[in-house]
Amino acid sequence: MNKDYDIIIVGAGMVGATLACALGQQGFRIALIEAIKPDFNWPVDSTDQRVSAITVASQKIFESIGVWESMTQQRVSPYQEMRVWDATGQGAIHFDSADLGVPLLGHIVENRVTVFALHQQLESLKDVRFFMPETITGFEVDDDNAQVLLDNGQTLTAKLVVAADGSRSKLRELAGIETTGWSYHQHGLVAQITTSKSHQETAWQRFMPDGPLAFLPLSDGSSSIVWSTTPEHAEELLALDDVAFLDELQQTFGDSLGRMLACGPRAAFPLRMQHAKTYTQPRLALLGDAAHTVHPLAGQGVNLGLADAASLAEVLVSARQQRQDIGLHKVLRRYERWRKGENLAMIATMDGFKRLFGSTKPALKWLRNIGLDLTNTTPPLKNLIMRQAMGLEGDLSRLAKGESLKGER
Ligand SMILES: Cc1cc2nc3c(=O)[nH]c(=O)nc-3n(C[C@H](O)[C@H](O)[C@H](O)COP(=O)(O)OP(=O)(O)OC[C@H]3O[C@@H](n4cnc5c(N)ncnc54)[C@H](O)[C@@H]3O)c2cc1C
């Protein structure tokens with residue numbers, strides 16, 4: 001078995017698998033290392049606890065690499081509207097895709113549906129080889145190659161190694177790349193909730209002093225919630241029985257969706273802002289949560305990672321066309337320059353929102369309520385925010401525009 005590859009990608013989650021698809025389709029020889037073999041035999045009537053709001057730009061990326069159709073055949077849930085309001089005042093904002101003349105704002109997709117479609121596509125690519133379940137224990141670089149040592153003692157060699165192994169990236173640690181960041185002092189509690197009223201294909205979000213509570217519409221009529229709150233409160237909520245939990249949820253969210261009728265299993269995740277000090281070194285690139293994590297309040301985390309994957313793929317294809325070594329730092333720096341500024345801007349926006357809506361200071365409470373109402377009644381500003389939330393602003397990659405990967409960058 002040939003142990004030499006063009007690229008070794010560590011992590012076959014939504015972001016790493018997307019990169020592997022995009023590059024495998026271009027004839028790059030890829031080793032894809034994933035620690036956990038996903039179980040795709042889920043019961044038909046079950047729903048993944050983890051869902052993501054997938055932007056229109058990310059949908060385009062999935063379409064470009066040929067996995068979107070498989071995702072829609074499984075289950076995706078479109079939403080046309082978004083309603084956001086502040087629990088401590090009258091301020092509210094209503095986003096409607098009709099105002100932009102487009103059919104929808106995005107889709108809510110179960111994470112396992114995305115990973116399944118990507119892995120299915122990868123199985124059909126002759127230049128992609130899975131190492132799964134497998135983890136890495138070592139990483140070394142010389143002038144010409146990078147080497148990755150696997151837990152089973154095997155060594156793999158490639159021109160470039162990519163870290164897509166999530167927020168606690170082992171590869172980032174082995175490469176000695178530091179991160180900046182802080183805890184949001186919140187946990188995101190997730191669960192599937194059945195309500196007496198229809199969700200109206202709308203994403204709902206109520207800002208509480210302890211954090212936002214979002215209801216994301218699912219195709220069976222139920223909603224997936226992300227309830228960001230203090231770690232202590234999240235623990236209490238996890239310990240309640242279903243009836244008591246639904247009662248507290250009702251009191252917090254109000255009756256916009258009628259009565260809270262039923263609830264699936266609950267889980268909570270600590271929320272952190274984290275940003276890698278650098279995304280690249282010679283023969284190494286970081287992307288997705290390995291490079292950055294943001295607050296889930298605007299549902300942007302994986303969308304930023306998918307934009308990273310599409311941009312890195314474009315840079316590498318362009319470098320190969322110009323007969324450049326794809327592991328050279330000057331090549332990888334093009335990817336870093338492209339993505340770091342855009343990711344930082346989103347991190348700063350999410351952080352600002354979190355602080356503004358978490359404050360109990362009267363001046364800030366006044367400001368955010370005025371701000372919500374003003375934005376709601378200023379169509380150009382509102383439309384710009386909508387386009388940003390759909391991933392349609394900024395320096396878009398070819399894949400996000402539905403174009404072929406080939407071309408100069
Ligand atoms: C409560 C909550 C709600 C969210 N909602 C949204 C949303 O609505 N929209 C959105 O865009 N984002 C959302 N996010 C963020 C989103 O889930 C992440 O940004 C996304 O999962 C990151 O994808 P990734 O592939 O980079 O990393 P991961 O999903 O963490 O995948 C990393 C992969 O690497 C593997 N791995 C880890 N270590 C190793 C190793 N040493 N060797 C080999 N493999 C390894 C893991 O098994 C995993 O498969 C949410 C996050 C939370 C916590």
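Every number for a ligand or one of its atoms is a count from 1 in the order of the listing.
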Backbone, side chain, both or neither: what part of [X] comes under 4.0 angstrom of ligand 1, heavy atoms only?
X: Ala164; value: backbone
X: Lys170; value: side chain
X: Arg50; value: side chain
X: Pro296; value: side chain
X: Leu304; value: neither
X: Val10; value: side chain

In the complex you have, is atom 29 (O) of ligand 1 within reach of the protein, judged by whether a heavy-atom distance drops under 4.0 Å? no

Restricting to pairs with a member in residues 147-165, which pass salt bridge (Lys or Arg N to Asp or Glu O under 4.0 Å), not counting sequence neighbours? none

Give a yes/no verdict on whether any heavy atom in Glu134 is under 4.0 Å from an atom of ligand 1. yes

Please compare Leu19, Asp165, Val51 and report which has the shortest non-hydrogen distance to atom 37 (C) of ligand 1. Asp165

Out of Pro133, Ser228, Gly166, indicate the one that has the non-hydrogen atom closest to atom 27 (O) of ligand 1. Gly166

Is it the case that Asn145 and Thr157 place a side-chain donor and acceptor less than 3.5 Å from each other? no

